[in-house]
Amino acid sequence: MALAVMGILLGLLLLGHLTVDTYGRPILEVPESITGPWKGDVNIPCTYGPLQGYTQVLVKWLVQRGSDPVTIFLRDSSGDHIQQAKYQGRLHVNQNVPGDVSLQLSTLEMDDQSHYTCEVTWQTPDGNQVVRDKITELRVQKLSVSKPTVTTGSGYGFTVPQGMRISLQCQARGSPPISYIWYKEQTNNQEPIKVATLSTLLFKPAMVADSGSYFCAAKGRVGSEQRSDIVKFVVKDSSKLLKTKTEAPTTMRHPLKATSTVKQSWDWTTDVDGYLGATSAGPGKSLPIFAIILIISLCCMVVFTMAYIMLCRKTSQQEHVYEAARVHAREASDSGDTMRVAIFASGCPSDEPASQNLGNNYSDEPCIGQEYQIIAQINGDYAHLLDTVPLDYEFLATEGKTAC
């Protein structure tokens with residue numbers, strides 16, 4: 001009975017250890033084998049799922065040489081280190097994605113075929129270290145070239161406008177180096193002509209004469225030459241396309257043209273093209289609308305200038321009349337009776353000397369009538385002058401008389 005209980009306890013302890021080891025620690029994912037092309041590139045995957053609390057501290061890649069593995073790559077806190085000169089410039093380990101430490105090898109050689117080991121070390125939350133590794137087999141084969149495909153580097157496809165810079169690209173898979181040749185088919189069942197010996201056929205720029213049927217051929221180290229499907233490359237004349245686009249709106253202009261005519265001494269014609277002009281009874285040239293606007297603006301300026309000058313002159317004349325009236329009113333108020341006496345004295349002129357007037361017998365009735373007429377005329381003029389003087393000037397004249 002005791003032995004049975006102890007067996008059960010040991011089983012539970014082992015199951016718990018396996019559970020922690022399986023679900024509580026990172027697990028590496030590496031394929032059992034992978035095949036790469038000779039003289040080509042290969043990627044050997046090695047990934048794991050990051051766990052909280054586990055910190056990656058060391059990454060190693062080893063290759064089997066004889067009976068012992070040899071370290072060819074080491075990544076630690078100081079950086080990446082390639083341990084073998086043979087892999088300098090050909091080996092790279094991914095570090096951009098957490099949990100991805102895959103190995104990339106370029107320009108594979110036949111002796112690169114071997115067993116590779118991916119080894120990762122983590123530091124656990126309790127300060128310990130956990131190491132996991134996985135082994136995969138790399139096989140290197142001389143692969144024959146595949147059937148090439150033709151693509152274009154623009155969004156126009158294989159129909160492009162004239163003058164555009166465009167390229168046709170030929171791509172094939174296989175063991176490099178792969179050589180490419182471009183051909184253009186001829187009419188009348190003639191042999192295709194060779195137009196390029198690169199993987200990219202470049203037109204700079206594309207001309208109408210470049211239109212035709214093209215295909216490319218790829219040849220690798222292993223296998224026979226492979227040819228792509230024939231593609232029809234068309235270059236359209238851009239001048240014809242532009243002419244077609246410009247002719248369409250030109251033909252539509254005439255039905256939309258409208259004129260309105262007023263029969264007078266001049267015929268004013270308005271055209272939808274934006275011109276306005278005056279023509280005589282016969283045909284004539286129209287003036288641009290901006291010229292007419294300019295003429296109207298100049299006329300308005302002349303009219304406004306003349307009106308301003310006339311207003312200024314009228315204002316000046318009114319000020320002169322007011323000033324003259326003020327002066328006359330002041331003089332009249334200052335010399336009132338004196339002016340009347342002077343006029344009275346000069347009102348009866350005599351053609352004879354004073355000594356002769358004493359002995360003459362004459363009547364003064366005509367002289368009295370003339371004096372009365374002169375005084376009445378002066379009083380009327382004075383009253384009229386006072387009516388034209390403003391109130392302030394009249395008030396000043398009144399004060400002057402009162403002072404006298």
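Between Phe203 and Phe233, the ring centre distance stays below 6.0 Å.
The structure places OG of Ser213 at 10.0 Å from CD of Gln186, a figure rounded to the nearest 0.5 Å.
Of the possible polar contacts, one joining the Trp182 side chain to the Leu198 backbone as a donor-acceptor pair under 3.5 Å is found. When atom types are taken as modelled, the side chain of Ser146 and the backbone of Arg173 share a donor-acceptor pair closer than 3.5 angstrom. Under the 3.5 Å distance criterion, the side-chain polar atoms of Thr197 are left unmatched by any main-chain donor or acceptor of Ile181. In this structure a side-chain-to-backbone donor-acceptor pair under 3.5 Å is missing from Thr152 to Leu168. When atom types are taken as modelled, the side chain of Arg132 and the backbone of Arg25 share no donor-acceptor pair closer than 3.5 angstrom.
Heavy atoms from other residues, nucleotides or ligands lying under 6.0 Å from CE of Met310 number 12 at most. Heavy atoms of other residues, nucleotides or ligands lying less than 6.0 angstrom from CD of Gln190 number more than 12. Residue Glu191 qualifies as open at atom CD: its count of foreign heavy atoms under 6.0 Å is 12 or below. Summarising the local packing, CG of Asp126 is surrounded by more than 12 heavy atoms from other residues, nucleotides or ligands at distances under 6.0 Å.
For the side-chain hydrogen bond (donor to acceptor under 3.5 Å, both in side chains) test, no residue two or more places apart in sequence or in another chain qualifies with Arg221. When the ring-ring contact (aromatic ring centres under 6.0 Å, His included) test is applied to Tyr180, no partner is found at least two apart in sequence or on another chain.
In this structure, Tyr183 and Phe215 have parallel ring planes: the angle between them is below the 30° cut-off, well short of the 60° mark.
Residues Asp229 and Lys147 are paired through a salt bridge, judged by an N-O separation under 4.0 Å between the basic side chain and the carboxylate. Using a cutoff of 4.0 Å between basic side-chain nitrogens and carboxylate oxygens, Asp133 and Lys60 are not scored as salt-bridged.
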Next on the checklist: Show, in sequence, the C-alpha distance, side-chain angles and deciding distance for Glu119 and Lys134, and conclude whether the salt bridge (charged side-chain N to carboxylate O under 4.0 Å, His left out) test is met.
Outcome noted: CA-CA 7 Å; Glu119 180 182 300; Lys134 279 291 185 71; over 6 Å; no

